[in-house]
Amino acid sequence: SNFIGWSGAVPISCGANLSCTITMDTAKNVTATFDLKPYNLGVVVTGSGSVKEPVGGGNINCPSDCSEPYPPNTSIALTASAIPDSGFIGWGGDAVSCGANLSCTITMDNNKSVTAKFLTANIKANGSDGPITIPYNTAAIVSWTSTNANSCSVSPGGWTGLSGSQTGNLISQTTYTLTCLGDNGSSLSDSVIVSVNQPPIVDAGGPYEVDEGNTINLSGADASGPEAGDSLIYDWSCTGGSLLDSSILNPDYTAPSVSSDTNYTCALLVDDGINPLVDDLATITVKDVTIPPTPSNWWDLFRALWKEKK
């Protein structure tokens with residue numbers, strides 16, 4: 001208790017002094033006033049969450065305000081609240097009897113210390129809560145953390161540990177889920193989605209056939225981006241002949257002169273700006289169109305060859 005002060009038949013000078021001198025020149029009544037010394041309530045939060053009193057019910061609002069004095073025998077109602085990616089495990093210290101109930105009432109018959117424990121589980125891909133998108137057949141770094149967990153596992157992958165980091169190449173969308181187990185049968189899960197940008201689908205068409213010196217359009221070529229909004233860049237190259245515009249999907253091809261039917265290869269390379277380059281090959285057969293000698297000119301041809309030989 002704390003001494004408040006004197007009242008009644010006492011000199012004004014006594015005030016709140018612990019000592020007071022009274023002159024007994026008549027019968028006198030004196031009053032000494034005390035109040036009860038408050039008890040302190042301290043709250044500790046482990047993990048991600050908060051402990052508060054109801055609105056208008058005091059000042060505990062932990063983790064910002066975690067210690068307050070209260071008059072003796074006051075009943076203090078506390079409520080534990082979890083945040084996203086966390087869950088309430090239970091009370092400890094002088095509130096252990098409240099178990100895993102979100103609400104707990106403390107009677108201030110002494111100084112009290114209360115612990116509120118929260119289970120947290122958080123998983124990220126490339127440092128993001130997701131969803132994220134990565135190029136086809138490339139890796140994402142999957143990392144996870146936890147608080148107050150006894151065990152954790154990540155699926156798919158079968159990875160375990162209270163925290164960790166793993167990576168692996170992906171060719172399709174994958175959802176990674178972290179599941180952590182804590183005291184009092186508590187469990188908590190968190191997930192992150194990793195989408196995969198699929199590469200373009202490329203077909204150079206063919207096989208093509210063209211007479212030497214003539215031009216054809218490579219109209220059989222086709223390419224498409226499976227992802228919405230894909231913008232494709234084309235690049236053709238051939239082992240022979242020439243292309244009017246190698247940067248379009250269906251260019252014109254002009255065949256070179258040949259002395260016999262000849263096969264050439266043309267490659268269509270496609271870039272979507274995200275994935276590795278994708279290509280496809282087409283065969284172009286250039287036909288020799290030299291006019292063979294006829295019976296009417298065999299004699300002239302023979303004479304010309306004879307003269308050349310002499």
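Numbers here are sequence positions counted from 1. Source: prediction; values computed, not measured.
Atom NZ of K124 sits in a crowded spot, with more than 12 heavy atoms from other residues, nucleotides or ligands closer than 6.0 Å. Atom CD1 of I171 sits in a sparse spot, with 12 or fewer heavy atoms from other residues, nucleotides or ligands closer than 6.0 Å.
Proximity of a side-chain donor or acceptor of N169 to a complementary backbone N or O of N137 within less than 3.5 Å is detected. Here the side chain of D280 pairs a donor or acceptor atom with the backbone of A204 at under 3.5 angstrom. Judged by distance alone, the side chain of E212 and the main-chain N or O of V258 form a donor-acceptor pair under 3.5 Å. The backbone N or O of A100 lies less than 3.5 Å from no partner atom in the side chain of N184, so there is not a single donor-acceptor pair. No donor-acceptor distance shorter than 3.5 angstrom exists from the side chain of N101 to the backbone of S103, with no hydrogens or angles considered. Using a distance-only test at 3.5 Å, with no hydrogens or angles considered, no donor-acceptor pair links the side chain of D211 to the main chain of K287. Between the side chain of N214 and the main chain of A255, no donor-acceptor pair closer than 3.5 Å is present. Using modelled atom types, one side-chain atom of D272 and one backbone atom of N275 make a donor-acceptor pair closer than 3.5 Å. At least one donor-acceptor pair closer than 3.5 Å links the side chain of T74 to the backbone N or O of P71. Without hydrogens or angle criteria, W6 side chain to P11 main chain gives no donor-acceptor distance under 3.5 Å.
Residue P63 comes nearest to C66 through the heavy atom pair CA-SG, 3.4 Å, listed as atom of the first residue, atom of the second, then distance. Of all non-hydrogen atoms in I106 and K112, the two that sit nearest each other are CG2-CG, 3.9 Å. Taking every heavy atom of both residues into account, V51 and A116 meet most closely at CG2-CB, 3.4 Å. Shortest non-hydrogen contact noted between V194 and A125 is CG2-CB, 3.6 Å. When all heavy atoms of Q198 and S172 are compared, the pair lying nearest together is NE2-CA, 4.2 Å. Closest non-hydrogen pair, A121 versus L188, comes out as N-CD2, 3.6 Å.
S195 and Q173 are linked by a side-chain donor-acceptor pair at a separation below 3.5 angstrom, with hydrogens and angles left out of the test. No side-chain donor from either of D261 and T285 sits under 3.5 Å from a side-chain acceptor of the other. For D25 and T23, the side-chain atoms include no donor-acceptor pair closer than 3.5 Å. For the residue pair T120 and T147, a side-chain donor N or O sits within less than 3.5 Å of a side-chain acceptor on the partner. A donor and an acceptor atom, one from each side chain of N250 and N217, are nowhere located under 3.5 Å apart. Remark: the S163 side chain and the T145 side chain contain no N/O donor-acceptor pair separated by less than 3.5 Å. At a cut-off of 3.5 Å, with distance as the only test, no side-chain donor of D109 or N73 sits close to an acceptor on the other residue. Between T179 and S153, the side chains place no donor N or O within less than 3.5 Å of an acceptor N or O (distance only, hydrogens not considered).
Tested against L119, the residues L181, T46, I89, D85 include a single side chain to side chain contact (heavy atoms under 4.5 Å, CB included) partner, I89.
No side-chain heavy atom of L268 sits less than 4.5 Å from a side-chain heavy atom of D279. A heavy-atom distance below 4.5 Å is not found between the side chains of T167 and V142. In this structure, P251 and L244 have side chains that are not in contact, with every pair of non-hydrogen atoms separated by 4.5 Å or more. Contact annotation: the side chain of E68 never approaches that of L41 to less than 4.5 Å [non-hydrogen atoms, C-beta and beyond]. Between Q166 and W144, the closest side-chain pair of non-hydrogen atoms falls below 4.5 Å. Looking at heavy atoms from C-beta onward, V196 lies out of side-chain contact with T174 at the 4.5 angstrom threshold. Contact of the W236 side chain with the L269 side chain is not registered, since no non-hydrogen atoms from C-beta on lie closer than 4.5 Å. Side-chain contact between L243 and L218 is present, with at least one heavy-atom pair separated by less than 4.5 Å.
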Criterion side chain to side chain donor-acceptor pair (under 3.5 Å) on S155 and T177, from CA distance to verdict: CA-CA 5 Å; S155 63; T177 299; 5.1 Å; no
T290/D288 under side chain to side chain donor-acceptor pair (under 3.5 Å): CA gap, chis, key distance, verdict: CA-CA 6 Å; T290 302; D288 176 19; 2.8 Å; yes
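For S81, the side chain to side chain contact (heavy atoms under 4.5 Å, CB included) partners two or more places apart in sequence, or in a different chain, are S50, T79. When the side chain to side chain contact (heavy atoms under 4.5 Å, CB included) test is applied to D245, the partners found at least two apart in sequence or on another chain are S247, I248.
Put simply, CG on L281 and OG1 on T283 are 7.5 Å apart, with the number rounded to the nearest 0.5 Å. The line from CD1 of I216 to CG of D252 is 9.0 Å long, rounded to the nearest 0.5 Å. Rounded to the nearest 0.5 angstrom, T115 OG1 and D94 CG are separated by 8.5 Å. With values rounded to the nearest 0.5 angstrom, L277 atom CG is found 5.0 Å from D271 atom CG. Put simply, OH on Y253 and OH on Y264 are 6.5 Å apart, with the number rounded to the nearest 0.5 Å. Here S224 contributes atom OG and L249 contributes atom CG; the two are 10.0 Å apart, rounded to the nearest 0.5 Å.
In this structure, Y70 has its ring center no closer than 6.0 Å to that of Y39.
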